[in-house]
Every structure is written in C-alpha cells, then in structure tokens.
Amino acid sequence: MASKGTILVTGGSRGIGAACVRLLARDGYDVVINYARSAAAADSLVAEMTGLGRSSIAIRADVGSDAEVTAMYQEIDRSMPPLAGLVNNAGILFEKALLRDFDADRINETLRVNVTGSFLCAREAVRRMSTAQGGNGGAIVNLSSAAARIGSPNEFIDYAASKGAIDAMTLGLSKEVAREGIRVNAVRPGLIHTDIHASSGQPDRVERLQDQVPMGRGGSAQEVADAVVWLLSPAASYVNGVLLDVTGGR
Ligand code: NAP
C-alpha cells in the first residue's frame with residue numbers, strides 16, 4: 001500500500017499510543033513512535049511496523065522539553081515522508097491524593113508534560129502541515145480525558161485540570177488553523193485498561209470503578225485508538241473542534 005504520509009504518535013511505546021501506532025500502520029500510514037523511557041518497547045514496535053512494510057522510527061524525546069521536541073521534529077524531517085498528522089497522546093498522572101496534599105513540583109510536572117508537551121508538539125506539527133506555510137494540511141488528535149469534565153476528586157485534580165487545558169487548546173487551535181487545511185479534535189477516554197493506573201498507585205482502578213460505567217466495563221486501548229484513527233482519517237473530513245467521549249457512556 002502506498003504511504004498516506006507520516007503520523008507522529010507521542011507516547012507511542014505503550015498503552016493507547018501503541019494501539020494507535022498499530023491501527024495507523026494497518027491503514028497505510030508511516031509512523032513515528034515517540035517515547036520517554038521505554039526504548040525496548042518502542043524498538044520492538046518499530047520492528048513490528050517495518051514488518052508490515054511501513055516506514056517507522058522510534059525517537060526518545062521528553063515532550064515537555066522545547067529543545068527535545070524541536071530535535072525530534074528535525075529528525076522526522078530528515079528521515080520520514082511528509083507529516084500528515086499528530087496524535088498528542090503522551091501523558092502522565094501521579095499518585096492518588098487530595099488537593100490539600102499537592103506540592104508545586106507535582107502540579108508543575110503534570111502540567112509540563114500533559115499541557116506544555118501537547119502545545120509544543122502541536123506547534124511543530126502546525127508549522128509543517130499548514131497550507132499557509134507550504135504544507136499539505138493534516139490533522140491533530142489530542143488525548144484529553146473524561147476527567148476534564150468529572151474533575152477527578154480525591155484522586156488527581158491536577159491531572160483533570162491538565163486535560164481541561166487540552167480541551168480548551170483543541171477548541172482554540174481547531175478554529176485558528178481551520179483555513180490552513182488542519183483539523184484539530186480531541187478524544188476523551190474514560191476507564192481504559194492500560195498501565196497508567198498503576199502510576200497512580202491503583203493498578204486495579206478500572207476493575208474497581210467499572211460498575212460506574214453504564215456499559216458495565218472498562219474500555220480497551222484499541223477502542224480508543226479506533227476513534228483517534230477515524231478522526232485523523234479523510235472519513236472525518238468535516239469534523240473539527242470536537243471533544244469525542246470514548247467512555248462507555250460514563
Ligand atoms: P500509559 O500506558 O501510561 O502510556 C503513557 C505513554 O506516554 C508511554 O508511551 C510513555 O512513554 C509516554 N510518556 C510519558 N511521559 C512522557 C514524556 N515526558 N515524553 C514523551 N512520552 C512520555 O498511558 P495510557 O493509558 O496509554 O494514556 C495515553 C493517553 O491517554 C494519556 O494522555 C492519558 O492521559 C490519556 N487517557 C488515558 C486513560 C486511561 O484510562 N488509560 C483515560 C483517559 C485519558 P514511556 O513508555 O517511555 O514511559
């Protein structure tokens with residue numbers, strides 16, 4: 001299959017990002033797998049994608065670092081077909097805690113990775129894809145969260161607030177670049193089976209809370225990736241500025 005262009009998936013080494021990488025390669029895109037620490041997982045995913053006949057590279061870069069994001073995009077410019085899209089997926093959360101016990105380091109790190117990281121990666125993608133700057137257009141999908149509207153009381157209000165910022169960025173940027181051939185949307189997953197819950201000290205979080213989901217179960221990374229890949233695709237050519245819940249109705 002001829003390449004449909006390159007998609008950068010930040011945090012593509014594991015979880016929802018890795019599921020996006022697999023579906024994008026299946027659909028004929030070349031994929032850049034960004035990661036922070038999991039070099040072995042990213043390298044093995046690259047091997048899987050090249051085995052499917054797609055171009056794929058893994059790039060270690062902290063999305064919250066301006067210099068590292070700039071260098072990552074320069075490497076993409078050198079090594080890959082033109083950028084057609086960005087999945088702003090890299091995200092973190094800290095241990096479950098009450099807001100009264102937060103310190104500035106925790107709050108700032110959550111915002112640095114989840115918010116600044118998404119802004120920096122979007123900035124570089126817009127500079128390359130904008131038809132006003134010589135690009136071919138493209139699409140950006142931001143990973144927000146149902147936490148943005150629930151607020152995550154007693155767990156991680158800092159994380160919920162970072163996703164509220166992603167929603168606002170999605171709405172603003174979707175209007176800012178709509179006439180430059182770029183669509184910007186967000187997916188807001190609910191309780192999804194990935195390792196992120198272990199980082200909040202609650203590896204069984206989905207099982208414990210799934211009764212709150214009208215559908216009575218947690219979702220899979222692939223069910224989220226299906227929505228992301230649809231929003232990136234030409235099938236969503238008139239969908240812009242949408243915050244799409246993938247939550248089983250929660
Ligand atoms: P995950 O399994 O914990 O994976 C997180 C990914 O982000 C990993 O690939 C990780 O790389 C990468 N990452 C972390 N910090 C990074 C940094 N500073 N720079 C670059 N990459 C970094 O998470 P997930 O559950 O798949 O979540 C993916 C996205 O969906 C996140 O934005 C999350 O907030 C959102 N989301 C998830 C859920 C859920 O229930 N799972 C619900 C709502 C929203 P390494 O492998 O190198 O560490």
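When a ligand or atom number is given, it counts from 1 through the structure's own listing order.
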Sidechain-backbone polar pair: N240 side chain, S174 backbone, donor-acceptor under 3.5 Å: yes
Minimum-distance protein heavy atom relative to atom 33 (C) of ligand 1: Y159 OH, 3.5 Å
Top protein contact for atom 42 (C) of ligand 1, by heavy-atom distance: G190 O, 3.0 Å
Of H197, E95, R208, the residue whose pairing with Q202 passes side-chain hydrogen bond (donor to acceptor under 3.5 Å, both in side chains): R208
Contact check, T10 vs ligand 1, heavy-atom distance below 4.0 Å: no
Close N or O approach (Y35, ligand 1; < 3.5 Å): no
Residue-ligand contact A61/ligand 1, heavy atom below 4.0 Å: yes
Per-residue contact class, K163 against ligand 1 - non-hydrogen pairs under 4.0 Å: side chain
Within-cut-off N or O pair, A146 and ligand 1, under 3.5 Å: no
Protein contact of atom 24 (P) of ligand 1 - nearest heavy atom, named by residue and atom, plus distance: T194 OG1, 3.6 Å
Single-linkage hydrophobic cluster L173~V141, side-chain heavy atoms < 4.5 angstrom: no
V224 and ligand 1 - part of the residue with a heavy-atom distance under 4.0 Å: neither
Winner among R112, R14, M72 once heavy atoms are compared against atom 10 (C) of ligand 1: R14
Nearest-contact summary for atom 17 (C) of ligand 1 - protein heavy atom, Å: A36 CB, 3.7 Å
Which segment of I92 sits under 4.0 Å of ligand 1 when only heavy atoms are counted: side chain
Among V228, V87, I196, closest by any non-hydrogen atom to atom 27 (O) of ligand 1: I196
Residue Q222 excluded, over 12 heavy atoms near CD under 6.0 Å: no
Ligand 1 versus H193: contacting region, heavy-atom distance under 4.0 Å: neither
Donor-acceptor under 3.5 Å (K96 side chain, F156 main chain): no
Cluster check I33, L232: I/L/V/M/F/W/Y, side chain < 4.5 angstrom: yes
Contact check, A19 vs ligand 1, heavy-atom distance below 4.0 Å: no
Ligand 1 contact on S144 by region, counting heavy-atom pairs under 4.0 Å: backbone
Proximity of V63 to ligand 1 by residue part, where a heavy atom lies under 4.0 Å: both
Nearest neighbour in protein (non-hydrogen) for atom 37 (C) of ligand 1: I16 CD1, 3.8 Å
L191, any N or O under 3.5 Å of ligand 1 N or O: no
Candidate with minimal heavy-atom separation from atom 21 (N) of ligand 1, of G219, S220, A90, S199: A90
Non-hydrogen atom of R188 closer than 4.0 Å to ligand 1: no
Ligand 1 to G64 polar contact by distance, N or O atoms, under 3.5 Å: no
Within reach of ligand 1, part of A41 (heavy-atom separation under 4.0 Å): neither
